[in-house]
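Have a look at the structure below, then the notes.
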Amino acid sequence: MGTKRFHTRRQWNNTLLVLWVVPFILLTGAISVGATDGFLTLIILSALSLVAIVVGVVRDASTRAVYAIESDRLALRDGKGEEIIGADRIIDASLIDRMAAREYIRASIGGLRNGGAPGAARAKVKEMTRFCSVDLGLTTFTFGMGRRLIDNMPRSKDDLVLLRLHEGKEYFLSPLYNQDLVDNVSRLIRNNS
């Protein structure tokens with residue numbers, strides 16, 4: 001069996017929101033120029049708009065990963081490194097939507113928030129979503145605005161894969177072809193059991 005590579009899904013939700021808001025901000029600046037005969041407000045709002053666009057693009061483009069299924073293992077690679085997972089370590093891979101993913105994460109870190117070490121819950125969330133390029137809505141530049149709209153979009157249904165391992169680790173993956181990844185991981189488990 002040859003190596004099959006899956007690339008992450010690209011989402012530009014933060015950038016699109018900023019690009020929709022910027023014209024209204026600049027219009028406000030233009031109105032203030034007419035009202036005050038000074039360009040300072042327009043310059044400040046233009047600079048803030050530029051910063052917001054850059055932040056949106058950086059947040060949306062920052063997470064990229066590649067998932068490679070080889071003969072007896074799954075390799076997860078991102079800009080920070082690689083995790084090699086043997087087929088014998090994988091319990092299963094299943095499709096999950098964003099709302100269910102958020103609830104799953106909240107349930108997983110519930111005990112860590114209440115009685116765990118400071119930052120333990122945040123570290124677990126970061127580990128679970130390390131190879132995921134889709135914004136789950138836990139830390140978002142849009143402050144949750146439009147989350148319901150994004151969750152209900154047809155392409156957002158089952159656009160994530162939950163990979164569960166025997167040692168208790170869990171990863172959310174966001175491949176471009178999610179059903180194909182789930183099928184190949186299931187085949188990998190079957191072939192190596």
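- The minimum heavy-atom distance linking T3 with A68 is given by the pair CG2-CB, 4.0 Å.
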Inset, instruction - Dump the intermediate steps for side chain to side chain contact (heavy atoms under 4.5 Å, CB included) on L173 and L76, then the final yes or no. - result: CA-CA 9 Å; L173 309 177; L76 306 175; 4.1 Å; yes
Legend entry - Stepwise salt bridge (Lys or Arg N to Asp or Glu O under 4.0 Å) test for E83 and R89: CA-CA 12 Å; E83 171 130 6; R89 292 176 51 204; 3.7 Å; yes
Inset, instruction - With side-chain hydrogen bond (donor to acceptor under 3.5 Å, both in side chains) as the test, would you mind laying out the steps for S133 and S174 before giving the verdict? - result: CA-CA 6 Å; S133 64; S174 55; 3.0 Å; yes
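- Residues F131 and V66 fail the side-chain proximity criterion, which asks for heavy atoms closer than 4.5 Å.
- For D92, the salt bridge (charged side-chain N to carboxylate O under 4.0 Å, His left out) test picks out R164, with sequence neighbours left out.
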Inset, instruction - Start with the C-alpha gap between E170 and K124, add the side-chain angles, then the distance that decides, and say whether side chain to side chain contact (heavy atoms under 4.5 Å, CB included) holds. - result: CA-CA 10 Å; E170 299 148 330; K124 179 154 174 101; 4.2 Å; yes
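- For the salt bridge (charged side-chain N to carboxylate O under 4.0 Å, His left out) criterion with E82, the lone passing option out of R77, R130, R73 is R77.
- Atom CG of D183 and atom CD1 of I69 lie 9.5 Å apart (nearest 0.5 Å).
- When atom types are taken as modelled, the side chain of Y171 and the backbone of V161 share no donor-acceptor pair closer than 3.5 angstrom.
- Contact detail for A121 and I109: the closest heavy-atom pair is O-CG2, 3.9 Å.
- The pair E103-R98 does not count as a salt bridge, with every side-chain nitrogen at least 4.0 angstrom from each carboxylate oxygen.
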Inset, instruction - Output, in order, the C-alpha distance, side-chain angles, deciding distance and verdict of side chain to side chain contact (heavy atoms under 4.5 Å, CB included) for V185 and I90. - result: CA-CA 9 Å; V185 168; I90 302 173; 4.1 Å; yes
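- If you take CD1 on I84 and CG on L74, they are separated by 8.5 Å, rounding to the nearest 0.5 Å.
- Not counting sequence neighbours, E127 has no partner by the side-chain hydrogen bond (donor to acceptor under 3.5 Å, both in side chains) test.
- Under the 4.0 Å criterion applied to side-chain N and carboxylate O atoms, R64 and D78 are not assigned as salt-bridge partners.
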Legend entry - Full working for side chain to side chain contact (heavy atoms under 4.5 Å, CB included) between L163 and I91: CA-CA 8 Å; L163 180 71; I91 294 174; over 6 Å; no
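- Closest approach of L160 to C132, counting heavy atoms only: CD2-SG, 3.7 Å.
- With values rounded to the nearest 0.5 angstrom, L27 atom CG is found 10.5 Å from L42 atom CG.
- Taking CE of M128 as the start and OG of S108 as the end, the distance is 4.0 Å to the nearest 0.5 Å.
- Taking CG of L188 as the start and NZ of K4 as the end, the distance is 11.0 Å to the nearest 0.5 Å.
- Contact annotation: the side chain of I85 approaches that of L165 to within less than 4.5 Å [non-hydrogen atoms, C-beta and beyond].
- Looking at V22 and L50, their side chains never come closer than 4.5 Å, going by heavy atoms from C-beta outward.
- To the nearest 0.5 Å, atoms CG (L48) and CD1 (I44) are separated by 7.5 Å.
- No path of Ile, Leu, Val, Met, Phe, Trp and Tyr side chains, each step under 4.5 Å between heavy atoms, connects I25 with I43, placing them in separate hydrophobic clusters.
- Residues L26 and L19 fall within the same hydrophobic cluster, defined by Ile, Leu, Val, Met, Phe, Trp and Tyr side chains chained together at heavy-atom separations under 4.5 Å.
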